[in-house]
2 protein chains.
Amino acid sequence: MMDHVDKILAQWMRERPDLDVSAMGLLGRLARLRAHLAREIEKIFTEHGLTSASFDVLAALRRSGPPFQLSPGDLMATTMVTSGTMTNRIDQLEKAGLVERLDNPDDRRGVIIGLTEEGLKRVEAAVTDHVANQHHLLECLETKDRQALDGLLRKLLAAFE
Amino acid sequence: MMDHVDKILAQWMRERPDLDVSAMGLLGRLARLRAHLAREIEKIFTEHGLTSASFDVLAALRRSGPPFQLSPGDLMATTMVTSGTMTNRIDQLEKAGLVERLDNPDDRRGVIIGLTEEGLKRVEAAVTDHVANQHHLLECLETKDRQALDGLLRKLLAAFE
DNA sequence: CCCATTTATCTTGACGTCAAGATAATTTTA
DNA sequence: TAAAATTATCTTGACGTCAAGATAAATGGG
């Protein structure tokens, strides 16, 4: 069965037969798949008045456990974004009343970001729906395939982190 | 071996043992991997004065074959972006002298985007380096693993397009 | 043949991200 | 302990993207 990426590869093979496009096929499918998945995942967050970006921050705080507090630096590390992006995300979440900036007693350069009561409620509801949606998105793969795919992704990811 | 995603899952299992996080693991690895790969890929384009966005457009034109012309609508379909985004990309590429807007003789609503001579030279050089880089990025996977991964991605992608 | 609908592209305004640099506090070095 | 280097966060300005709507041309039903 020929998919969209196969058509792209066929074009390249016709136009540039000197290129070995096998890697392009894999990486192209990974990129397209990610785009589709990201859009589907975003829908659930929208239902909770969140975005993937804001959920990432709230989720990192929630899963860190009580008292649901982390520094901006900690949050940057887990979310793979720059400091400017994290400042902006925190600003938005603070405006929305979902997190608060607290003084860091140990280091006056830094602050501590904490979930508010409303932020906690919001992320609890969102993560429950999000996890259910994630299973839905993968249900076209049998258990064995899912495990194999996860294993291969892990292997490849290990080369980068 | 425990990777970054495993640590996230372990946190969720501790905090929310009611959630089945197996799908989150796979999707999290996919997302992080994509982010790492996108950054590495971008580096090569930067060397050629391009971005992933501009390369996508030039590459679509190049692989369509002579005379290297497509409509904005065709380009939107292959690149998965909205019309506003495509207009902007074409504007930038036109300013850079890499593509040109030509009248569409069959439909006066539309235009035809064509590679300029400089655009063709640029994309030829970029794609050669890009393909080599793609192989480099996957070289930590043996052939068999690469094929297996590609097959699983294809299967999952089929559910979305 | 004409009007309503659809199609192709562009415009606008808002948002999220990043890179680079600024600021202020901590840590290290001499 | 004072100066230098490092660290944590925020600021700024530019860019790419999107959703929604505008414009203009093609198409189809009456």
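Each chain gets a letter, A, B and so on, in the order its sequence line appears, and its residues count up from 1.
- In this structure the side chain of Met76(B) reaches within 4.5 angstrom of the side chain of Ser83(B), judged on heavy atoms.
- Of the two residues near DNA chain C, Thr51(A) and Asn104(B), the one whose nearest nucleotide lies more 5' is Asn104(B).
- Residues Phe68(B) and Glu15(A) form a side-chain contact, since some pair of their non-hydrogen atoms from C-beta on lies under 4.5 Å apart.
- What separates CG of Asp56(A) from C1' of dT17(C) is a distance of 13 Å, to the nearest Å.
- Between Thr85(B) and the phosphate of dC18(D), there is a side-chain N or O to OP1/OP2 separation shorter than 4.0 Å.
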Checklist line | salt bridge (Lys or Arg N to Asp or Glu O under 4.0 Å) between Lys43(B) and Glu40(B), worked out | finding: CA-CA 5 Å; Lys43(B) 286 181 191 169; Glu40(B) 292 303 314; 3.1 Å; yes

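- Toward the 5′ end of DNA chain D lies the nearest nucleotide of Arg109(A), the other residue of the pair Arg109(A) and Ser83(A) mapping further downstream.
- The phosphate of dT9(D) has neither OP1 nor OP2 within less than 4.0 Å of any side-chain N or O from Arg108(A).
- The side-chain heavy atoms of His4(B) and Thr78(A), taken from C-beta on, include a pair separated by under 4.5 Å.
- Atoms NZ (Lys95(A)) and C1' (dA14(C)) sit 12 Å apart, rounded to a whole Å.
- Taking atom CD1 of residue Ile113(B) and atom C1' of nucleotide dC10(C), one finds them 12 Å apart after rounding to whole Å.
- For Thr87(B), whose side chain is taken as the heavy atoms from C-beta onward, the closest listed nucleotide among dC18(C), dT17(C), dT9(C) is dT9(C).
- Computed from coordinates, the Leu93(B) CG to dT9(C) C1' distance equals 16 Å when rounded to whole Å.
- In this model, the phosphate group of dC10(D) is approached by a side-chain N or O of Arg101(A) to a distance below 4.0 Å at OP1 or OP2.
- When distances are taken from the side chain of Val111(B) to each of dT9(D), dT9(C), dC18(D), the shortest belongs to dT9(C).
- At whole-Å resolution of the value, CD1 in Ile90(A) and P in dT11(D) are 11 Å apart.
- Residue Asn88(A) is classed as a base contact, given a heavy-atom separation below 4.0 Å to a base.
- Using a 4.0 Å heavy-atom cutoff across all strands shown, Gly84(A) reaches at least one base atom of the nucleic acid.
- Atom pair Met86(B):CE and dC15(D):P shows a separation of 19 Å (rounding to whole Å applied).
- Ring planes of His130(B) and Phe45(B): tilted class, angle from 30 to 60°.
- What separates CG of Asp106(B) from P of dA8(C) is a distance of 13 Å, to the nearest Å.
- In this structure, Asp103(B) places its CG atom 12 Å from P of dA26(D), rounding to the nearest Å.
- If Arg89(A) and Asp107(A) are placed on DNA chain C by their nearest nucleotide, the residue sitting closer to the 5' end is Arg89(A).
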